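As a basis for the values below, the full set of heavy atoms in this structure was taken, side chains included, without hydrogen atoms, waters or symmetry mates. Predicted model only: the values in this text are computed from it and were never measured.
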Amino acid sequence: MKILCEVQVVNRVTQANRTPRAVKSTLAIGYKQSALDSNGNTKKELEMILFTPQIKTGQRYKVKDNIQAVHTKFVLDGKATIAFTQPAENLLIKCDPIQLKGFLQTLKLGMEGKDAINLRLNIATATAITQKAKLQTKMVINRRSDYPIKGFPRSLQSLTINKSQLGRLSSEIYSLRNLTHLDVANNHLAKIPMEVGRLPLTKLVLHGNYLGQLNYWSFLNGIKLSESLCELDLSANKLTYLPLSLLKCQNLVLLNLNHNNLTFLPFAMRRLKKLHSLNVSDNKLESLPAALEELHINTLDVCGNAFKGPNDLDIQRLNVTSKANTRIQCSPQPLWLQAARSVDQYKLPIYSLPAILIKLIVETPKCVCGNFCYLMDSQNIYKRIRPAKFEGIKNYSYSPNQFIYVDIVKCGYCKNVKSCA
């Protein structure tokens, strides 16, 4: 087995560095075939070779009974130290964490005398990995026959798997810790495993799958994904509603929901403060939440929806399903209500709060007077439809001869009703 890494060699006796700093190196491990023993069997000795620009022919280290210690405390950061007895040198290794863990596992198997496919390298003929070789960072797969036989390179930053009839994602994808762009459009995926939430993806393309069948959105709760995701494409997935888990991805800049079966967008869309591009064409939307007018959207596509204008019944009572929103006659105000209002007032992060409080804050509609309708019953919260007032949109796509309408929420406790009209 060979890995490309950075290594610094330190002599423990003289405390001198053979290399002044960590340098690009090749580290190899394998068996050396030696002379026959008394029984006529070929003896195999496990060796490690270090190739550096200063040691082009390689520095050989015997492995059996010659390793004093292996320090792996920082292996998840891609760092490890191997200390040899003879010569008394430490190899300070810095490498891709996945490759480093594989190398150390191979070393462990060799020290235990176990056979492994990674130990079949003939160490006598081993050479350094050419420094000009670039790590593969991008891969495109358009059919099953394109799948790499030896697995995905750990250095991948962009992976595209289109039109390959995928029914599930390979678990190997979860280990691609450098992956920032994942495109699995036009497959047969009905579920994205929650392990995807551990990846630092900035762009995730899920167009043309079947995610609306199971509506499994746990992957959006992943801390890494929710913090890094900037572009999300959920178009053509037969979605009937927008998952609230998506609202945790507050760094979203682009959201594509085209060609679904959405009938409404939640009031909680107001939480996507960085959203600049929203595509909701070819759905079944009758109106948009007025909260979108507060965002800095510069690209909006609403073609192919069924927007309905005001009529004689343009004021409708809003059905509030959350039990927490039922009117409570008590004094002083309940703790959950005070907490919810404080979180909003001081703009505190909400996703470290209890789940019931998060649900309350996210789903509660906001009256146009600026107050949240936390303590209103359904008889005192009204929804009014009015023409949209989107301003500053550079790219605005809508169907000809059609007006775009938005929902505003009016609470029945406003003293000045006209200001809420």
| request: For the pair Asn209 (side chain) and Ala185 (backbone), establish whether a donor and an acceptor sit closer than 3.5 Å, ignoring hydrogens and angles. | output: no

| message | Tell me whether Lys2 contacts the main-chain N or O of Thr127 through its side chain, where contact means a donor paired with an acceptor under 3.5 Å. | response | yes

| Side chains of Asn260 and Lys238: do they bring a donor and an acceptor to under 3.5 Å? | no

| query | Does CE in Met194 sit with more than 12 non-hydrogen atoms of other residues, nucleotides or ligands closer than 6.0 Å? | reply | no

| Is the backbone of Thr137 close enough, under 3.5 Å, to the side chain of Gln157 for a donor and an acceptor to pair up by distance? | no

| request: Evaluate the salt bridge (Lys or Arg N to Asp or Glu O under 4.0 Å) criterion for residues Arg198 and Glu227: first the C-alpha distance (whole Å), next the side-chain angles of each, then the deciding distance (0.1 Å), finally the verdict. | output: CA-CA 10 Å; Arg198 302 172 187 170; Glu227 290 179 350; over 6 Å; no

| query | Judged by atom type as modelled, is there a donor-acceptor pair below 3.5 Å linking the side chain of Asn283 to the main-chain atoms of Leu262? | reply | yes

| query | Looking only at heavy atoms, which two atoms of Gly58 and Ile49 are closest? And how far apart? | reply | CA-CG2, 3.8 Å

| query | With a 4.5 Å heavy-atom cut-off, do Leu272 and Leu247 have their side chains touching? | reply | yes

| Is there a donor in the side chain of Ser164 and an acceptor in the side chain of Arg143, or the other way round, less than 3.5 Å apart? | no

| task | Give a yes-or-no answer on whether the side chains of His259 and Ser235 include a donor-acceptor pair shorter than 3.5 Å. | result | no

| request: Determine, using ring centers only, whether Phe84 and Tyr61 are less than 6.0 Å apart. | output: yes

| query | Is it true that the side chains of Thr81 and Asn90 contain a donor and an acceptor less than 3.5 Å apart? | reply | no

| Is Lys274 paired with Glu231 through a side-chain N to carboxylate O contact shorter than 4.0 Å? | no

| query | Are Arg60 and Glu47 ion-paired here, with the side-chain N under 4.0 Å from a carboxylate O? | reply | yes

| said: Under the rule for side chain to side chain contact (heavy atoms under 4.5 Å, CB included), what residues qualify as partners of Asn142, not counting sequence neighbours? | reply: Val140, Asp146, Asn162

| Under 3.5 Å, side chain of Asn279 to main-chain N/O of Asn256, donor-acceptor pair present? | no

| query | Distance-only, no hydrogens or angles: does the Gln8 side chain make a donor-acceptor pair with backbone N or O of Val23 under 3.5 Å? | reply | no

| query | Would Asn261 and Thr240 count as having a side-chain donor-acceptor pair, cut-off 3.5 Å? | reply | no

| query | Backbone N or O of Val75 within a donor-acceptor pair of the Thr72 side chain at under 3.5 Å? | reply | no

| Criterion side-chain contact (heavy atoms from CB on, under 4.5 Å) against Trp217, the qualifying member of Leu242, Leu246, Leu211, Ile192 | Leu211

